[in-house]
Amino acid sequence: MNSNDDSAIAAGLDPTRLPYHVAIIMDGNGRWAKKRMLNRVRGHEKGAEAVRIAVRTSRELGIAALTLYAFSTENWQRPKTEINALMTLLKRFLKSEKKEMLEHNIRLNAIGEIERLPGSVREILQEIMQVTKNNSGLLLNLALSYGGRSEIVRMVQQLSESAAAGKIRPESIDEETVSAHLYTRDIPDPDLLIRTGGEMRISNFLLWQIAYAELHITNTLWPDFNRAEYVKILKDYQGRDRRFGKV
Ligand code: IPE
Ligand code: IPE
Ligand code: MG
């Protein structure tokens with residue numbers, strides 16, 4: 001038995017039935033700040049600490065992949081000052097976590113319109129993805145300037161180009177082909193989708209990939225998300241009956 005299994009068992013979880021891939025819509029930073037009469041940016045700062053907790057807990061319990069919705073294509077419509085603060089925080093987070101990722105065998109990946117991010121963010125992102133690319137532990141997948149619809153449009157463009165060039169036959173396109181042309185091509189679909197902040201919506205996240213994900217929405221605001229709640233959600237997941245349309 002490995003140390004991940006020990007951690008999972010100590011937390012009251014069945015290590016053989018953990019979700020392989022957990023995806024989280026990290027929402028509620030602004031409301032967390034507002035409740036305290038603070039600037040929204042303070043909420044994002046506190047939210048970065050919750051990200052560290054979620055990553056560490058995933059790694060310790062033996063979750064294979066964690067996708068975090070950090071910035072959506074729609075979030076570009078926020079005030080420039082907030083966008084700048086988020087980009088600065090992201091850079092700071094990446095710089096400070098590089099060592100942790102290397103030490104703990106974490107592989108960093110990013111999905112979304114990465115080309116839209118500021119150059120300095122792209123640089124550190126690419127650097128860490130490069131130095132962690134052979135790591136075999138937790139896959140930390142950051143959704144940055146990510147939108148599910150834009151991802152689908154991109155896939156349609158790629159496939160129609162290939163078809164127009166005579167490289168593929170339209171009738172040969174199947175679900176596997178579609179999956180293989182999404183940003184998440186190398187990652188199995190999420191088993192569990194968590195949303196903090198209580199909103200009952202998907203907000204353009206992983207539209208294709210969550211077809212059969214178990215959903216868990218908690219009213220907890222993202223900066224208050226902690227290990228105990230994460231474990232509770234995983235326990236709840238282990239009690240679900242995933243039928244996939246069968247009886
Ligand atoms: C989530 O928190 C972080 C991002 C979307 C970047 P919000 O900033 O959306 O917080 P609320 O929803 O306004 O509370
Ligand atoms: C979803 O949160 C996006 C991220 C968590 C990055 P939003 O706050 O942007 O979503 P809406 O506006 O409530 O749908
Ligand atoms: Mg929000």
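Every number for a ligand or one of its atoms is a count from 1 in the order of the listing. Along the sequence shown, residues carry numbers from 1.
One option in T196, I25, L86 has a heavy atom closer to atom 1 (C) of ligand 2 than any other, and that option is I25.
R243 places none of its side-chain heavy atoms less than 4.5 Å from the side chain of Y212. At least one side-chain heavy atom of R240 sits under 4.5 Å from a side-chain heavy atom of H216. Here the side chains of T16 and D5 are not in contact, with every heavy-atom distance at 4.5 Å or above. Under the 4.5 Å side-chain criterion, counting only non-hydrogen atoms from C-beta, F71 is not in contact with Y146. Within the 4.5 Å cutoff, the side chain of L61 has heavy atoms near those of the L13 side chain.
Taking the charged nitrogens against the carboxylate oxygens, K232 and D236 have no contact shorter than 4.0 Å, which rules out a salt bridge. Salt-bridge formation is not detected for the pair K46/D224: no Lys NZ or Arg NE/NH1/NH2 atom is positioned less than 4.0 Å from an Asp or Glu carboxylate oxygen. Using a cut-off of 4.0 Å between Lys/Arg side-chain N and Asp/Glu carboxylate O, R40 and E45 are scored as not salt-bridged. A salt bridge is defined here as a Lys NZ or Arg NE, NH1 or NH2 lying under 4.0 Å from an Asp or Glu carboxylate O, and R154 with E113 fails to meet this definition. The residues E100 and R59 are annotated as salt-bridged, a charged nitrogen and a carboxylate oxygen being separated by less than 4.0 angstrom.
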**Study point:** Working for ring pair (Phe, Tyr, Trp, His ring centres under 6.0 Å), residues Y230 and F225
**Key:** CA-CA 7 Å; Y230 193 3; F225 190 78; 5.8 Å; yes

Exercise for review: Kindly indicate, with the supporting measurements, whether the criterion salt bridge (charged side-chain N to carboxylate O under 4.0 Å, His left out) is fulfilled by E60 and R227.
Suggested key: CA-CA 11 Å; E60 285 170 2; R227 181 190 165 99; 2.7 Å; yes

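The proximity of F205 to ligand 2, defined as any non-hydrogen pair under 4.0 Å, does not occur for either the backbone or the side chain. At a heavy-atom cutoff of 4.0 Å, ligand 1 is contacted by no atom of K34, backbone or side chain. Neither the backbone nor the side chain of L221 has any atom closer than 4.0 Å to an atom of ligand 1 (non-hydrogen atoms only). At a heavy-atom distance under 4.0 Å, only backbone atoms of M26 (N, CA, C or O) approach ligand 2. Contact annotation for R195 and ligand 2: only side-chain heavy atoms (C-beta onward) come within less than 4.0 Å of the ligand. Contact annotation for R78 and ligand 1: only side-chain heavy atoms (C-beta onward) come within less than 4.0 Å of the ligand.
Numbered from 1 in the order shown, with element, the atoms of ligand 1 that lie under 4.0 Å from a heavy atom of H44 read 3 (C), 8 (O). Distances below 4.0 Å separate heavy atoms of F71 from the following atoms of ligand 2: 6 (C). Close contacts between ligand 1 and R31 involve ligand atoms 11 (P), 12 (O), 14 (O) [criterion: under 4.0 Å to a heavy atom].
What sits closest to atom 14 (O) of ligand 2 on the protein, heavy atoms only, is S203 OG, 2.6 Å. In this structure, atom 7 (P) of ligand 1 lies nearest to the protein heavy atom D27 OD1, 3.6 Å. The closest protein non-hydrogen atom to atom 13 (O) of ligand 2 is R201 NH2, 2.8 Å. Here the heavy atom of the protein found nearest to atom 10 (O) of ligand 1 is G30 N, 2.9 Å. Residue, atom and distance of the protein heavy atom nearest to atom 9 (O) of ligand 2 are N75 ND2, 2.9 Å.
At least one heavy atom of A70 lies less than 4.0 angstrom from ligand 1. For the pair G197 and ligand 1, no heavy-atom separation below 4.0 Å is found. By the 4.0 Å heavy-atom criterion, E199 is excluded from the residues contacting ligand 1.
With rounding to the nearest 0.5 angstrom, the CG atom of L86 is 6.5 Å from the CG atom of L89. Annotation: the span from L18 atom CG to S58 atom OG amounts to 10.0 Å, rounded to 0.5 Å.
When the options K98, E123, K133, R107 are evaluated for a side chain to side chain contact (heavy atoms under 4.5 Å, CB included) with I128, the one that passes is K98.
In terms of polar-atom proximity, R40 is counted as a contact of ligand 1, with an N or O under 3.5 Å from an N or O of the ligand.
The tally of protein N/O/S atoms under 2.8 Å from the Mg ion (ligand 3) stands at 1.
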